[in-house]
2 protein chains.
Amino acid sequence: MYLTQRNQYALRAIVELAIRVGKGPVKVSEIAKAQAIPLRFLEVILGQLKGSGLVDAKRGYHGGYFLLRQPEEITVGSVVRYLQGEPDPKECQSCISKMQCPFKNDCAFASLWSRVNTAVFNIYDETTIKDLVPDKSVARS
Amino acid sequence: MYLTQRNQYALRAIVELAIRVGKGPVKVSEIAKAQAIPLRFLEVILGQLKGSGLVDAKRGYHGGYFLLRQPEEITVGSVVRYLQGEPDPKECQSCISKMQCPFKNDCAFASLWSRVNTAVFNIYDETTIKDLVPDKSVARS
DNA sequence: TGCTTTCTTGACTTAATTAGTCGGGAATAT
DNA sequence: ATATTCCCGACTAATTAAGTCAAGAAAGCA
């Protein structure tokens, strides 16, 4: 639910792909430049994102990354859920913190944490990548 | 908005004080034991909490910590806001991540982050410490 | 007074997480 | 062939969070 720098880079990279949708594969170096993300780090991140089925890449001369779905079909929630991975079943599911809660089954905070989590993902799930594409970019296309 | 272990300890310590409200000062060692928090660490945390005006302490023989307000008058939001301190004005206010967003004024994510933040604090602000006190404890008092 | 208890302060150490780098290999188009 | 661009896995560095410690100061009690 809390988004690391890395996860924000991932979202921004997807937004960049959305901006250039329909113009063929986009090189990592272009995305890195446009979004001010360290190139080598972005390579790692995009590599991970391929596993989500949301993006794919082509190598060689006119290689690069591209979206596998339309920007309006990709929600922030689906990206975040993929990046954060499946929650560790050994940890208190409802806990906001990664550290584990010592009161496994009757944690007084459980309901609070789960309400917060739900509220956050409600917003993430109703926001698509298209919503994050700046208007200027849309006009340009 | 993301709560560290330390911040959860702080909330749990306040809940423990709420459970024992009206029974005089509670020793740090008692709270530490009841909530399974490392003693020395808890001393630091409670020391910080004194600055919030929500709790105070007395030293010596029958010393310990106690609440300055009723549990139902203390919201989780007020505690969290105090613990997290005033946001650094140099950072992107709306950013969820602590790292700063490179697109200062026209960050496409700004609205998303601020909606998330608002949603989370709405929940925090409508939850009081009393809401977190387990029923069993209330019955006992 | 002098002793014990308990908080107080601030600096310190350790552990965990996150961020970022690097070298070399593999596919692709010309 | 060869230039280009993604691919892979291991590595280092930076930052944040967690936790410890020692010495001191107030409060009560004998």
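We name chains A, B, ... by the order of the sequence lines, and we start the count at 1 in each one.
Contact detail for A:R12 and A:Q35: the closest heavy-atom pair is NH2-O, 2.6 Å. The nearest pair of heavy atoms linking A:L68 to A:V55 is CD1-O, 3.7 Å. When all heavy atoms are compared, the tightest approach of B:A10 to B:L83 is CB-CD1, 3.7 Å. Here the shortest heavy-atom pairing between B:S78 and B:L54 reads OG-CD1, 4.4 Å.
In this entry the distance linking CD of B:Q84 with P of D:dT16 reads 14 Å, nearest Å. Atom CZ in B:F41 sits roughly 17 Å away from atom P in C:dG10 (whole-Å rounding). In this structure, the CG atom of B:L39 is 11 Å from the C1' atom of C:dT6, given to the nearest Å. In this structure, the CD atom of A:Q5 is 12 Å from the C1' atom of D:dT15, given to the nearest Å. Atom CD in B:Q8 sits roughly 13 Å away from atom C1' in D:dA18 (whole-Å rounding). Between the C1' atom of C:dT17 and the CZ atom of A:R6 lies a distance of 12 Å, rounded to the nearest Å. Summarising the geometry, the separation between CG on A:L83 and C1' on C:dT18 is reported as 14 Å, rounded to the nearest angstrom. Here C:dG20 presents its P atom at 15 Å from CD of A:Q48, a figure rounded to the nearest Å.
In terms of phosphate contacts, B:T4 brings no side-chain nitrogen or oxygen within less than 4.0 Å of OP1 or OP2 of D:dT16.
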- Reading nucleotides 1-11 of chain D from 5' to 3' and marking B where a protein heavy atom lies under 4.0 Å of the base, S where only the sugar-phosphate is that close, and - otherwise, the string is --BBBBB----
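Taking the charged nitrogens against the carboxylate oxygens, A:R40 and A:E43 do have a contact shorter than 4.0 Å, which makes a salt bridge.
Proximity of a side-chain donor or acceptor of A:Y65 to a complementary backbone N or O of A:I14 within less than 3.5 Å is not detected.
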